[in-house]
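Lettering follows sequence order; numbering is per chain, from 1. These numbers come from a predicted model, not from an experiment.
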Protein chains: 2
Amino acid sequence: MPGLTIGELASRAGVNRETVRYYERRRLLARPPRTMAGYRVFPDDAVDRLRFIRHAQALGFTLEEIRELLGLRLDERSSCEQVRARATRKLADVEAKIAALKRIRRVLGRLVHACETRRPTAPCPILESLAAPDARARKEEVQ
Amino acid sequence: MPGLTIGELASRAGVNRETVRYYERRRLLARPPRTMAGYRVFPDDAVDRLRFIRHAQALGFTLEEIRELLGLRLDERSSCEQVRARATRKLADVEAKIAALKRIRRVLGRLVHACETRRPTAPCPILESLAAPDARARKEEVQ
DNA sequence: CTACACCCTGTATGCAGGTACAGGGTCAAG
DNA sequence: CTTGACCCTGTACCTGCATACAGGGTGTAG
């Protein structure tokens, strides 16, 4: 018999029960059907949805943005063009985030490599370009 | 003549003056030298540092994590091994973020493409896999 | 039937990350 | 030497995102 109570859902997704209700209020989760007693009954895939929300948050999306992302799957044929436009915009956001993270990754990778291969007398190299993704001039200040 | 007042710095970096002071308290910015009157005098590259902070925040790093990232450039030769370890850990964080964003990108890309190529009578396709980042890539999950 | 672990709504509280004064000093232009 | 735009410290307040009760109902094992 499919259907989760709020407690089962919360523990499967690794979130607090209150957080589930909070997401429902914020409309990141659809209002689920209820039992006669008023208990929420969630579909099994609500677990995936919750996990997606947590992942997306860790990537810097706000709950509002995540709601929009999730909203992209609920559209009717009439709104297809609008959905495509929103998806395209989100895609651009995601591309930008990936590019920025890749810059950070490159700099961190160089730092690790330089630290591994440094000659004993050399000081650990300064991570000069971390502070400015698109600029590169730097000197060091000792706090 | 190098050196910025807090107001100049804030407007160049596009942040609030109070935010600059807040970051100084949180030690994301070094305490700058002062004039005789007690005014802060920031080096020009503080602008880059502030911009980096904003970028990193948009990518889901907390201020504390950003402080650590920025701290990687201030090390002395004595702490090289420790710096390498921290950089390696951060690198793993960044890799994970990139991987998660790529999953989202793939799904969004498919959605856009499907919307573009759908036949007029077909309903706009449902983005069913958005709620579960990637069925294949999800057996273990660490946060 | 009662104990206990759940569920409900509603409101209050907490933490991170800012933002906004209050009350006061600095300084260049007019 | 006053005016206005800045700066200082300190503290209070706000928003987003939860999290924690309070006060009460539900349901099932013993």
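With rounding to whole Å, B/Arg21 atom CZ is found 11 Å from C/dT19 atom C1'. Look at CD on B/Glu18: it is 10 Å from P on C/dC21, rounded to the nearest Å. Remark: C1' of C/dA16 and CZ of B/Arg26 are 7 Å apart, rounded to the nearest angstrom. In this structure, CD of A/Gln57 is placed 14 Å from P of C/dG17, rounded to the nearest angstrom. A/Leu9 places its CG atom 14 Å from the C1' atom of C/dC7, with the value rounded to the nearest Å.
B/Glu18 meets the side-chain hydrogen bond (donor to acceptor under 3.5 Å, both in side chains) test with no other residue; sequence neighbours excluded. Every side-chain contact (heavy atoms from CB on, under 4.5 Å) that B/Gln57 has, sequence neighbours left out, goes to B/Tyr23, B/Ile53, B/Leu63, B/Ile66. Annotation: salt bridge (Lys or Arg N to Asp or Glu O under 4.0 Å) contacts of B/Glu65 (sequence neighbours excluded): none.
One finds no salt bridge joining A/Glu24 and A/Arg21 here, because no Lys/Arg side-chain nitrogen approaches an Asp/Glu carboxylate oxygen to under 4.0 Å.
OP1 and OP2 of C/dG18 both lie 4.0 Å or more from every side-chain N or O belonging to B/Thr19. For B/Tyr22 and C/dA16, the shortest distance from a side-chain N or O to OP1 or OP2 is not below 4.0 Å.
Residues in residues 91-100 of chain B take part in these salt bridge (charged side-chain N to carboxylate O under 4.0 Å, His left out) pairs, two or more places apart or across chains: A/Arg105-B/Glu95, B/Lys90-B/Asp93.
Contacts of residues 32-42 of chain A with DNA chain D (heavy atom under 4.0 Å): A/Ala37, A/Tyr39.
Put simply, chain B comes within 4.0 Å of DNA chain D, heavy atom to any atom, from D/dC6 to D/dT9, going 5' to 3'.
Closest of all the heavy-atom pairs between B/Gly14 and B/Arg54 is O-NH1, 3.6 Å.
Nearest-nucleotide assignment on DNA chain D puts the 5′-proximal partner with B/Glu8, out of A/Asn16 and B/Glu8.
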